[in-house]
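Below you'll find the structure, written out as structure tokens, and then a few comments.
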Amino acid sequence: MAEQMKQTAASSLAERYFAAKHHLFDTLYQSMNEKQREAVYTVNGPLLVLAGAGTGKTTVLVNRIAHIIRYGNAYYDDTVPNGLTEANVSALEQSASVMSGEELGQLCESFSSNPCPPWAILTITFTNKAANEMKERLSKVIGEKSADIWAGTFHSICVRILRKYGERIGYRSGFTIYDTDDVKKVILECMKQLNIDDKQLQPRTVMNTISRAKDKLQTPEDFMNEVGSDLRLSQIASIYELYQKQLFDANALDFDDIIMQTVALLKAEEEVRSYYQNRFKYVCVDEYQDTNHAQFMLTGLLSGKYRNLMVVGDDDQSIYKFRGATIENILHFDDTYSDAHIIRLEQNYRSTTNILNAANSVIRNNFGRRGKELWSNAGEGEKITIRKLDNQNEEARYIINKIMDQVIREKRKYSDFAVLYRVNAQSSYLENIFAKSGIPYRLLGGTRFYERKEVKDIIAYLCVINNPSDNLRLKRIINEPKRKIGETTLTALENIAAYEDVTILDAMRNAENYPTLAKSITKLHDFAYMIDALTEISKTEKLSVLFQRVLELTGYMKMLEAAGITEIDRVQNVKELVSNAVAYEEANEDATLSGFLEEVALVSDIDNYDENADAVVLMTIHSAKGLEFPVVFLPGMEEGLFPSIQSAMNPEELEEERRLAYVAITRAKTRLYALHTRERLIYGKTNFNQKSRFLEEIPEEYTNIEIPKSIRQQAAEAEAAANGGTVTAPGDRKKKVTMSKEFFRESDLSAGVGRTQSYDRFTAGDVVSHFTFGRGVILSVREMGADILYEIAFDTVGTKKLMATYAKLRKFDE
DNA sequence: ATGGGGCTGCTTTTT
DNA sequence: GCAGCCCCAT
């Protein structure tokens, strides 16, 4: 009897101890909601976090990692300390309300259970930007220790593994990474060799098919066995085989190889596998909805020993199916990991309820979801503006007017605004009009920096220096600048190289031994020796010195400079490349050529997007994933464009488009404009598109459909206000428009920004000052309709062409 | 070997 | 609309 009493007392003491412990942790993380905390505490075993847009998943990831390092499995640990007394427990119970955050943190350390060193944690993200953000936030929370955490993209982590152990599956160090451009060239070459007509079988299709095969970890043999008697597929299979051989011979990997070969390495080499499996006690994967099968296998392998695998994703934001992402990874995570814990984050901290309700109503039309409804207590907010414009230029002007209006009236920053569109092709007209407006903007996407010819050329030189087998890159630069080494000589070189089983560069060094090269011996020797000399320099000198020498010795800079003004942009780009190399050198103590080339191969434009720059940002919806903006414009919400014409037939693709629409809507915090036009010029054709079905899916209660005033109405107003000035709408028809006394107004068809009643006229040579660009000198003046196009050399931003009505120039006075 | 001119064909999203 | 390709003339 007495024994029993004692036990009850002990267990209730233990219960109180656990309750107090939990309460202390809950207080420590009181800025988070219950679900978020649950995710932080759940450190052991497979964990799936379904995190809707804006639900604070990065916060969860960062805090969970910090928690693992400091406290381990403290929260769910069920051991009761020895000699627990009533006094201990009451002390704990009272601590939460009296302690500071720091003291609480200290106290909680006493509950630690298997805390984990930072080097045993791996976090995988999708973009470098996300990886950097993760590292930054981690270093804020846990300080220096964060440097030891492995945080990177799938590709950067795999490259790191391959650099270390790739030799075990036949890759030499210093391997090259081929981008889509390179891949296409190799594919075309393979097709030519195999006598497959590139008109009957599109290289694009071949590339995609091979890429999908690699996502599924299919080797050329696997693929060959699977295709059966299908002619097209067996053609692709033979291309795949040859392609893979060519890449391997060039010591090169494409993007898909980086993942696939790492998986192959981990599967084949027990020693390597157990090295990483022992090392990584905790593995976290962000954006899990965008992973493919190979990446699924990879995370499974890396976390294989401890099985502490956390994946975070949102099935509703899966928008990369087209490049092999399988939403099944997230939909079936709990099939594979039957003991998986699942947590849903549904409280949104980003947007107003009107925006969220609109997003929810759109995504609800998709089947095959895990089901999730975002909510927020940010208040109802403004309704979504839906507006029809006449054409894409009016649409762009509408956007500019709204931005200028809100910058002036609401004191918003330019960086509060984002213009998000479906296809990059939309960027050109937007950019044109933005450029004229004088509004600072940044355009992401389009031709990327590292895809520019001159940049790729210089990189190609460095690749050849780094990897002499890289024949593709060698061919790119062998005659750039012109060295009079043409098609004939090159073919001869390739034949010799293949026959002798040496590199093209070797064949060049030994040119004198081959009659077919007789005419070019000196030219070939010169080139090979130049590469040799640069290779020597690369071994002893710093990266920045190597860069200078490459520009000099190859004659590349001279070639650009000789071309004069027409190539001035290219000179700039090359210089920017050099400064990137210098920056890389400064940021990395052990800066190597391989390392730099690797970074170059794996960065994207979005990684360089600087959130601090005060500029409107223009980009595709895909690039905007993970970002948020107070005000978002969605131009081109039209059938045929969004959803795109090619998805209309296919229900699955249509669902992906709808998810993309969901991503687009949920980028906005407080204000959203969805725009569509009567006619649209795109890809050189004018289309008359219906309003997008996604807009029809938003209930009226959340939207405000703006009706433009009719032209007649405007004319009447103009009559009434006799003090108005005459302006001409860009493009055409003179009409009278009232100019308001206000700084500017939005008038529906004319749409101009800052059309003051009159503006000064300048002539070439005048010194002017601009709202954002500052001081500049007028270079040229051109009448354009009723407007004037000024070319102005600004002190800070270089030469720009601005329309007088938008630029709002003032005479410069000291 | 090179450079220009004209033509075709392709345009969804990108680590 | 435009990039990249091919063919032809130098």
Side-chain angles (χ1 to χ4, degrees), chain A residues 124-131 152-159 177-181 183-185 188 198-199 202-205 207-208 211 214-215 253-259 286-287 290-292 294-295 317-325 392 420-429 432 444-448 450-451 453 478-491 519-520 523 598-599 601-607 619-626 636 640-648 650 653-654 656-657 659-661 663-664 681-687:
Chain A
I124 309 177
T125 51
F126 229 70
T127 61
N128 297 297
K129 184 179 183 294
T153 61
F154 273 103
H155 292 86
S156 72
I157 282 157
C158 287
V159 166
I177 298 165
Y178 279 2
D179 67 19
T180 323
D181 238 45
V183 169
K184 192 176 175 196
K185 280 185 190 150
L188 274 166
D198 63 8
K199 292 199 173 57
Q202 285 185 1
R204 253 171 67 90
T205 315
M207 284 166 71
N208 278 328
S211 182
K214 288 185 173 184
D215 290 343
L253 296 102
D254 62 25
F255 281 126
D256 306 308
D257 274 335
I258 292 174
I259 314 289
D286 195 7
E287 306 282 13
D290 291 329
T291 54
N292 59 37
Q295 289 163 331
Q317 288 188 75
S318 159
I319 53 173
Y320 286 106
K321 199 161 169 272
F322 72 94
R323 71 170 203 221
Q392 77 275 357
L420 309 178
Y421 37 83
R422 179 65 184 83
V423 293
N424 267 315
Q426 288 172 262
S427 67
S428 64
Y429 75 88
N432 274 336
L444 283 101
T447 14
R448 285 200 283 282
Y450 285 104
E451 277 169 18
K453 184 191 178 305
I478 196 166
N479 204 27
E480 191 73 48
K482 301 284 171 261
R483 298 188 176 89
K484 298 194 189 274
I485 304 173
E487 201 52 47
T488 332
T489 316
L490 190 61
T491 313
K519 278 196 229 159
S520 326
K523 287 177 280 191
E598 178 185 312
E599 186 158 296
L602 299 178
V603 293
S604 76
D605 255 17
I606 188 77
D607 299 326
M619 63 179 136
T620 63
I621 300 166
H622 280 88
S623 312
K625 200 178 65 165
L641 185 59
F642 192 16
S644 73
I645 189 94
Q646 41 276 83
S647 67
N650 182 331
E653 284 181 37
L654 192 62
E656 176 139 317
E657 293 282 305
R659 290 191 293 269
L660 193 58
V663 169
L681 179 68
I682 197 159
Y683 305 131
K685 266 191 5 217
T686 300
N687 294 311

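Every heavy atom of this structure was used, including side-chain atoms; hydrogens, water molecules and symmetry mates were not. First the proteins, then the strands, lettered A, B, ... as listed; each starts at 1.
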May I ask you to say what A:E656 touches in the nucleic acid, namely base, sugar-phosphate or nothing, with a heavy-atom cut-off under 4.0 Å?
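Contact class for A:E656: none.
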For a quick check of understanding: with a heavy-atom distance under 4.0 Å over all strands, which category does A:F154 fall into, base, sugar-phosphate or nothing?
nothing
Within the supplied structure, the quantity of interest is the number of heavy atoms (other residues, nucleotides, ligands) at a distance under 6.0 Å from [X] [atom1]; does it exceed 12?
{"X": "A:K184", "atom1": "NZ", "answer": "no"}
{"X": "A:K482", "atom1": "NZ", "answer": "yes"}
{"X": "A:K453", "atom1": "NZ", "answer": "yes"}

Output yes when at least one side-chain N/O atom of [X] is less than 4.0 Å from OP1 or OP2 of [N], else no.
{"X": "A:N292", "N": "B:dT15", "value": "no"}
{"X": "A:Q202", "N": "B:dC10", "value": "yes"}
{"X": "A:T620", "N": "B:dT14", "value": "yes"}
{"X": "A:T488", "N": "B:dA1", "value": "yes"}
{"X": "A:R204", "N": "B:dT11", "value": "yes"}
{"X": "A:N479", "N": "B:dA1", "value": "no"}
{"X": "A:T489", "N": "B:dA1", "value": "yes"}

Atom pair distance, as rounded to whole Å: [atom1] in [X] and [atom2] in [N]:
{"X": "A:L602", "N": "B:dT15", "atom1": "CG", "atom2": "P", "answer": "10 Å"}
{"X": "A:D257", "N": "B:dT15", "atom1": "CG", "atom2": "P", "answer": "18 Å"}
{"X": "A:L253", "N": "B:dT15", "atom1": "CG", "atom2": "P", "answer": "18 Å"}
{"X": "A:F255", "N": "B:dT14", "atom1": "CZ", "atom2": "P", "answer": "13 Å"}
{"X": "A:D290", "N": "B:dT13", "atom1": "CG", "atom2": "P", "answer": "16 Å"}
{"X": "A:K482", "N": "B:dG4", "atom1": "NZ", "atom2": "P", "answer": "10 Å"}
{"X": "A:I682", "N": "B:dT13", "atom1": "CD1", "atom2": "C1'", "answer": "13 Å"}
{"X": "A:I645", "N": "B:dT13", "atom1": "CD1", "atom2": "C1'", "answer": "16 Å"}

Quick check: do A:L660 and A:F642 have side-chain heavy atoms less than 4.5 Å from each other?
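A:L660 vs A:F642: side chains touch.
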Minimum heavy-atom distance between A:R659 and A:I319, given as atom pair plus value
C-CG2, 4.1 Å
Which heavy atom of A:K484 sits nearest a heavy atom of A:N479, and at what distance?
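Minimum heavy-atom contact is N-OD1, 3.2 Å.
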Would you mind telling me which residue lines up with the more 5' stretch of DNA chain B, A:T125 or A:G486, judged by nearest nucleotide?
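Residue closer to the 5' terminus by nearest nucleotide: A:G486.
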5' priority, DNA chain B, between A:K523 and A:L660 [closest heavy atom]
A:K523
Does NZ or CZ of A:K625 fall inside the cone over A:Y320's six-membered ring, less than 6.0 Å from its centre and within 45° of the axis?
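Checked: cation-pi criterion not met.
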Under-3.5 Å N/O pairs linking protein and nucleotides 1-10 of chain C:
none

Between atom [atom1] of [X] and atom [atom2] of [Y], what is the distance when rounded to the nearest 0.5 Å?
{"X": "A:T153", "Y": "A:E287", "atom1": "OG1", "atom2": "CD", "value": "12.5 Å"}
{"X": "A:L641", "Y": "A:Q426", "atom1": "CG", "atom2": "CD", "value": "4.5 Å"}
{"X": "A:N687", "Y": "A:I645", "atom1": "CG", "atom2": "CD1", "value": "8.0 Å"}

Hunt down any stem DNA chain B takes part in, defined as 3 or more consecutive Watson-Crick or G-U pairs whose two distances are each under 3.5 Å.
B:1-10 with C:1-10
Pi stacking test for A:F322 and B:dT13: under 5.5 Å apart, planes under 30°:
yes
